Amino acid sequence: MIKFSDKQLKIPQMQRPVFLVTGGMSKFDRSIPEKRTEELVIDSFVEAAEFINKTPAELKEYIHSCYYGHFADHFGDQLLGEAVIHDRLGLDPLGNVGIKTGGATGGSTLWEAFKAVASGYSDCVLAMGWERMDEVPTDEGNNYIASAADKDWETPLGHIYTGYYAVMAQKYWQVFGKEEESFRHTMAEIAVKNRGYARMNPHAQGPMDITVEDVLNSPVVAYPLRALDCCLMSVGASCAILCDEKTAYELTDNPLIIYVSAGSHTLRVADRRDMDIPLLPNESPDQYKDLGERFPGGDRYPGFTSFLAARMAAYYGYRMAGVVDPTEDLDLVELHDAFTISDIQTYEDIGIRPYGEGRTYVESGDCYHTNPHTGEPGKLPSNLCGGLIGCMHAVGATGIMQTVEVGQHIWGRWAEMHEDQSKWDRFGRTKPDDWTNLQVEGAKRGLAISHAGVGSHVTATILVHPDHQLERNES
Amino acid sequence: MSTAKRGKVRVERGRYRLDGQFHFPYPNDPIRNEDGVLMGITNPRDLTHIHMYGGEAPFFEGLGQGKLLGTRCDNQNCDANGSIFIPFRIHCPDCLGKNTIVDMTETAQKGATVHTFMITERTGAFNTLPKPIRFVNVEFEGVPTILMGYLSVGEPEIGMKVVPIFNTTKPSYTILDLSWVPEGTNESDIPEGFTFG
């Protein structure tokens, strides 16, 4: 049984508040042969500058240090790629550092940027993430991704990361899904939803107008996961500018308060030892006592069914931002839907639903922009950009892209950034005739989760409109 | 492919002694679009890494000898005292003391259970296992961790009793030298080169 000390569970303190001022993103696609990575990075930076009516040169004048997220040197085939990007952005002689935490690289990049401003080291920082996964064929890409598992104990087993994930999916499916057809149907709904929302996003590479049956009939990757349950492999870049309060209001009239927290757990699922469930503010010590009775096999925590890293990111982050109940206190979320089943697992880890009941977030319709059962706005819409399944997973960029997307909703500018025909044309994409504005009306607070591997690193980024702050809650 | 001998390594007096070639260069090829415009180049390469097992070497040597080795924290002042680790951990994750190597072969032969599993036809490049691959994550009596491996005979199920088999005939000195079969499997049914240890 693992125990944590009070010192380890301290709720992070900032020396001063940190603000998200702007962000941008490139086009995302499976391959972008016509552009170098540096060009995609510049595309995202230019979008961020234009979003606050600045030229790139004007915005650069404010930046004091830079945080670069790039998961895999293997994929880019360029060690110290951060130096290449930094030079092409013309940001010498500013200090910069590369950040690598697998799938959570984007979120971790924001975490480092956040701390740099919170500490007073910098008043304005650039968090930029990218990935170029098209330099090798897909099976070699899968081998590279599998290199992020333990190279002696896991990678030789098939060189396929999906497999290391699928054993967790299988356990969750059997214990909490009880192998019910209805649960499998719920998983498929997530794939339909996220690919459908991607249709409204000109940046997205995987838009599809599909049905649950299409998902259930797609090829099996590792049962119960099918091809349409899985995320994309991508190329692209995304960035965010974080500032202290004074600088933020020099750059824009409407910055958002940002909090970023992080958790971790073993790289190998194999090494996980049992522990008590760390509780979120909306949970009580007794509520999981009968979890093993309600879900036989579900009493081993975190076991193969939960992500402790996600739980801890939420544990710290909610208390930093004053979130008690995410469904009540947040207006939208962007989750790391690497697989439909891990999306459901995450609902529980971050307290959208109690452990064992994640599926009800989908089945209630709460996760939709418009609840399909009531026609009313969804209570907590998720992954309106399409997520990793529908939009992209250009690993180093993902967590940043999702945060920028949440920000665009709170700024009330989602339609402006997704509707413009010239952007669809520039990306060579056809805007659907039934294009729909997915702006979450009146959004004031949102969350983005960035997640690595089978749960080795997870970050929680919370955005809050300054006029709608919650009281910090350390209980 | 060059006809040069692929590199081999031995360690003598704490230093690597290399023999043969460790990388094989190939020429680049241009990549053009349908209009013949240069877009990029291919960058082929073939190289050999030199990878040390360090304190885990006894585990990988043990597999080829039909043994499943784990480790145990014997620090009486540590909360994890008595915990057995499979995967083999050189140091206790709590006190960071050096663990004691313990032979878990008999425990695995008597009481290994499938905690979870997956079956896939898909693999990444460089996979050498026959497809479909059946991963099994195996629990042992009295061990808090759960080891990932692959099932060589039958179809996996949660709760299934399994026993280890080892590539003792021609070991690869990798984790692939360890596999699992359902309890009661006949020796004649296990893959060539493998034994029950």
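Sequence lines set the chain letters: A, B, ... in the order given, protein chains first and strands last, and positions in each chain run from 1. This is a predicted model, so every value here is computed, not measured. Below, all heavy atoms of this structure are taken into account, side chains as well, without hydrogens, waters or symmetry copies.
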Give the ring-plane orientation class for [X] versus [Y], where under 30° counts as parallel, over 60° as perpendicular and anything between as tilted.
{"X": "Tyr150(B)", "Y": "Phe194(B)", "answer": "perpendicular"}
{"X": "Tyr355(A)", "Y": "Tyr301(A)", "answer": "perpendicular"}
{"X": "His70(A)", "Y": "Trp130(A)", "answer": "parallel"}

Using a strict 4.0 Å threshold on nitrogen-to-oxygen distance, state whether [X] and [Y] make a salt bridge.
{"X": "Asp19(B)", "Y": "Arg10(B)", "answer": "no"}
{"X": "Lys67(B)", "Y": "Glu106(B)", "answer": "no"}
{"X": "Glu183(B)", "Y": "Lys110(B)", "answer": "no"}

Who wins among [options] for the most heavy-atom pairs under 4.5 Å with chain B?
{"options": "Gly297(A), Gly163(A), Ala169(A), Pro137(A)", "value": "Gly163(A)"}
{"options": "Gly158(A), Ala222(A), Pro33(A)", "value": "Gly158(A)"}
{"options": "Asp150(A), Asp152(A), Asn143(A), Asp271(A)", "value": "Asp152(A)"}
{"options": "Thr266(A), Asn142(A), Ile160(A), Thr138(A)", "value": "Ile160(A)"}

Between Ala125(B), Gly149(B), Ser172(B), which residue shows the highest count of heavy-atom pairs closer than 4.5 Å to chain A?
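Highest number of pairs under 4.5 Å: Ala125(B).
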Below 4.5 Å, heavy-atom pairs only: which of Glu56(B), Lys131(B), Glu121(B) has the largest tally toward chain A?
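Most heavy-atom pairs within the cutoff with chain A belong to Glu56(B).
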So for [X], is it side chain, backbone, both, or neither that comes closer than 4.5 Å to the heavy atoms of chain A?
{"X": "Glu139(B)", "answer": "side chain"}
{"X": "Asn33(B)", "answer": "neither"}
{"X": "Ile119(B)", "answer": "backbone"}
{"X": "Phe59(B)", "answer": "side chain"}
{"X": "Arg134(B)", "answer": "neither"}
{"X": "His51(B)", "answer": "side chain"}

Rounded to the nearest 0.5 Å, what's the gap from CH2 on Trp153(A) to CG on Leu178(B)? Could you check?
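Rounded to the nearest 0.5 Å, the CH2-CG separation comes to 8.5 Å.
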Check whether [X] gets within reach of chain B through its side chain, its backbone, both or neither, counting any heavy atom under 4.5 Å.
{"X": "Asp77(A)", "value": "side chain"}
{"X": "Ala146(A)", "value": "neither"}
{"X": "Glu135(A)", "value": "neither"}
{"X": "Tyr164(A)", "value": "both"}
{"X": "Arg36(A)", "value": "neither"}
{"X": "Gln174(A)", "value": "side chain"}

Can a side-chain donor-acceptor contact be found between [Y] and [X] if the only test is distance below 3.5 angstrom?
{"X": "Arg6(B)", "Y": "Thr48(B)", "answer": "yes"}
{"X": "Asn186(B)", "Y": "Ser188(B)", "answer": "no"}
{"X": "Ser26(A)", "Y": "Asp43(A)", "answer": "no"}

Where do Glu180(A) and Arg359(A) land on the salt bridge (charged side-chain N to carboxylate O under 4.0 Å, His left out) test, with the steps shown first?
CA-CA 12 Å; Glu180(A) 292 171 2; Arg359(A) 59 188 290 179; 2.9 Å; yes
